[in-house]
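Read the numbers this way: they start at 1 and go in the same order the structure lists the ligands and their atoms. These numbers come from a predicted model, not from an experiment.
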Amino acid sequence: MKIGVFDSGVGGLSVLKSLINSNFFKEIIYYGDTARVPYGMKDKDIIIKFSLEALDFFNNFNIDMLIVACNTVSAYGLDSMQRQTSYPIVGVIESGVLSLHNKVQDRNKKILILGTKATIQSNIYAKKLESLGYKNIKSLQTGLFVPLVEEGIFSGDLLDSTFRYYFSEIEIPNAIILGCTHFPLIQNEIKKYFYNKPILIHSGEAIVEYLTKNYKLKEMHSNEPKISFYASNNPKAIESYAKIWLKS
Ligand code: DGL
C-alpha cells in the first residue's frame, strides 16, 4: 500500500515515525508545506485553502490513502479534503479521541488538551470528548512549544519556563492529548512536569490504532517502507529534521 502523509511542515515526522514502525506500508510520500508553516496561527478559511492545495500535490502520486498528520489541518480541512478525493483521507483528531476513550473509561477524569491556537479555537477535541460523556475537559493553546521543538529544544531552562508559563494554574490531569505534531518530541518532559501522573495521547500511535481497527491494516512488510520527502520550501531541511525526529 502506498500512502501520502501531509503536514504543514516538519512536525508530521512524529506521526510518520509511528507509521513507519507499524509496518503497514510499502511506500510513503511525505509532503510538508514548509513555505507556509505555521498553520496553527492562521484562520480557518486559509487553513482550508492550503489543505485543498495539498491535494493537488498528491494528485501526482496515485496514493491509496492520505494521512493528515497535522492537527490543525485535521481540525479544519479534513471534511473539505474528503469531499474532493476518491481515496480515504484520515486525520489525527478522531483517532486521538478514540484512543483516549479506549484508555480512560471514567468520564469524570481530568483531560487536558494541548494544541495550536487554531486547533484549540476550533474546539473540536473538546466537542468530540463531550459527546462521549467526558465532563472534565480543559483546552490550552501552547503554541510556543512549536518553535522551541523546531529549534531542537527538547529540555532545559527555556522549556521549563515555558511549562511554568502555560501550566502553573493547571491541575494535574489524568490524561493529556498531545494535539499537535510537535508535542511528542517533549512528551517525557511534559509528563515529568506533572509528576509522571497523566497518560499521554500521541497522534502517531493513535492513528496506528485507528488504522488497525477501522481499516483492518496489519503488519505486512518486514522492511522499512520506501519514503520520499517533499516540501514546498527546502525539502533538504525536512530530511535533516527526519534524521533527528525519526530517532528521538
Ligand atoms: N502541524 C501543526 C499541528 O499539528 C503544528 C505546526 C503548525 O502550526 O503548522 O497542529
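Of the N and O atoms on the side chains of Q187 and H202, not one donor lies less than 3.5 Å from an acceptor on the other residue. With hydrogens and angles left out, the side-chain atoms of T116 and T72 include a donor and acceptor closer than 3.5 Å. Side chains of K103 and S99: a donor-acceptor N/O pair is present below 3.5 angstrom, by distance only.
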Donor-acceptor contacts, no H, no angles, side chain residues 217-224, under 3.5 Å, sequence neighbours left out:
from, atom 1, to, atom 2, distance (Å)
E219, OE1, N23, ND2, 3.4

Hey, can you pull the donor-acceptor pairs under 3.5 Å for the side chains in residues 52-59, sequence neighbours left out?
from, atom 1, to, atom 2, distance (Å)
E53, OE1, R36, NH1, 2.8
E53, OE1, R36, NH2, 2.9
E53, OE2, K49, NZ, 2.9

For residues 131-138, which side-chain donor-acceptor pairs fall under 3.5 Å, sequence neighbours excluded?
from, atom 1, to, atom 2, distance (Å)
S131, OG, K128, O, 2.8
Y134, OH, H101, ND1, 3.0
Y134, OH, V104, O, 2.4
N136, ND2, N108, O, 3.3

For ligand 1, output the ligand-protein N/O contacts shorter than 3.5 angstrom; if there are none, return none.
from, atom 1, to, atom 2, distance (Å)
ligand 1, 1 (N), D7, OD1, 3.0
ligand 1, 1 (N), S8, OG, 3.2
ligand 1, 1 (N), T181, OG1, 2.9
ligand 1, 4 (O), N71, N, 3.0
ligand 1, 4 (O), T181, N, 3.0
ligand 1, 4 (O), T181, OG1, 3.3
ligand 1, 8 (O), Y39, N, 3.4
ligand 1, 8 (O), G40, N, 2.8
ligand 1, 9 (O), S8, OG, 2.6
ligand 1, 9 (O), Y39, N, 2.7
ligand 1, 10 (O), T72, N, 3.2
ligand 1, 10 (O), T72, OG1, 2.6

